[in-house]
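Comments concern the structure below.
Computed from a prediction, not measured in an experiment: that's the story for all the values here. Numbering of ligands and ligand atoms starts at 1, following listing order. What you see below is based on every heavy atom in this structure, not just the backbone, and it leaves out hydrogens, waters and symmetry mates.
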Amino acid sequence: MNNDEVDDDSGPFVSQLHSGNSYLSFQEAQISSTMAEERTFIAVKPDGVQRGLVGDIIKRFEQKGFRLVAMKFLQASEQLLKQHYIDLKDRPFYPGLVEYMQSGPVVAMVWEGLNVVKTGRVMLGETNPADSKPGTIRGDFCIQVGRNIIHGSDAVESAKTEINLWFKPEELVSFKSCAHDWIYE
Ligand code: IDP
Ligand code: MG
């Protein structure tokens with residue numbers, strides 16, 4: 001028997017799919033793929049780590065109802081950061097941005113949930129903290145654009161690219177949260 005087919009007592013037509021560490025029924029897997037499987041890449045930048053804001057940032061995503069899929073603490077290489085910000089390579093602030101991002105450890109994360117990319121960006125606030133409303137992460141915790149403490153993917157496609165850049169497939173952990181049915185109707 002392999003991981004794709006697991007015997008259970010749920011009847012002949014309910015196959016089980018292996019997803020990370022848990023087994024989802026076919027119906028559950030369909031629900032998660034249609035509703036809640038969107039993922040985003042979030043990173044607490046070196047200033048956020050140095051200022052002790054990691055816990056506050058994780059708390060906001062957790063209490064919103066999003067599900068943590070992967071997390072690691074690392075000092076990113078210049079090569080990784082240049083690739084991560086490759087779309088901005090012609091901007092005057094690009095060298096300083098790469099240097100800032102490399103100046104200390106970061107917390108790289110993947111979060112999952114319905115519309116998590118767009119909602120994550122709303123939770124972050126605007127790129128420039130001066131334009132970010134109170135209640136957003138950048139609105140509450142920082143002042144200048146060059147020290148804006150957090151990264152979040154700006155689209156579903158860029159989220160996929162960033163997740164693949166920062167994480168190996170086996171580092172992404174799928175499980176059904178016991179709160180799932182209390183968060184989604
Ligand atoms: P985002 O992080 O809100 O997606 P982007 O335009 O993708 O914003 O820029 C990436 C990062 O580059 C910003 O989060 C910020 O750290 C930095 N950045 C953007 N614009 C400036 C600038 O004008 N001066 C310095 N740093 C900037
Ligand atoms: Mg961006």
Requested in this report: Tell me which one of L88, N148, L124 gets a heavy atom nearest to atom 13 (C) of ligand 1.
Outcome: N148

Requested in this report: Establish, for the pair K45 and Y100, whether the NZ or CZ atom is under 6.0 angstrom from the six-membered ring centre and no further than 45 degrees off its axis.
Outcome: no

Query raised in the report: Of all the non-hydrogen atoms in the protein, which one sits nearest to atom 12 (O) of ligand 1, and at what distance?
Result: L97 CD2, 3.3 Å

Requested in this report: Would you mind listing which atoms of ligand 1 come within a distance below 4.0 Å of any non-hydrogen atom of R121?
Outcome: 1 (P), 3 (O), 4 (O)

Requested in this report: Kindly say whether the aromatic ring centers of W111 and F66 come within a distance under 6.0 Å.
Outcome: no

Query raised in the report: Considering only heavy atoms, which of Y100, Y85, F93 lies nearest to atom 25 (C) of ligand 1?
Result: F93

**Report entry** Test side chain to side chain contact (heavy atoms under 4.5 Å, CB included) applied to K168 - qualifying residues, sequence neighbours left out
**Finding:** E170, E171

**Report entry** Side-chain donor or acceptor of Q75 paired with backbone N/O of Q102 under 3.5 Å
**Finding:** yes

Using a 3.5 Å cut-off and no angle test, enumerate the donor-acceptor pairs between side-chain atoms of residues 131-145 and protein atoms at least two apart in sequence or in another chain.
unit_1	atom_1	unit_2	atom_2	d
S132	OG	E126	N	2.9
S132	OG	E126	O	3.1
S132	OG	N128	O	3.3
T136	OG1	K133	O	2.6
T136	OG1	G139	N	2.9
R138	NE	N148	O	3.4
R138	NH1	E126	O	3.3
R138	NH2	I150	O	2.7
D140	OD1	G135	N	2.7
D140	OD2	R60	NH1	3.4
D140	OD2	R60	NH2	2.8
D140	OD2	G135	N	3.4

Report summary line: So the atoms of ligand 1 within less than 4.0 Å of a heavy atom of K45 turn out to be 13 (C), 14 (O), 15 (C), 16 (O)

Query - Mutual orientation of the aromatic rings belonging to H84 and F41 [parallel < 30°, tilted 30-60°, perpendicular > 60°] - result: perpendicular

**Report entry** Protein heavy atom at shortest distance from atom 2 (O) of ligand 1
**Finding:** R138 NH2, 3.2 Å

Query raised in the report: Where is the nearest protein heavy atom to atom 24 (N) of ligand 1: which residue, which atom, and how far?
Result: V145 CG1, 3.6 Å

Query raised in the report: Hey, does T127 come in under 3.5 Å of ligand 1, counting only N/O atoms on both sides?
Result: yes

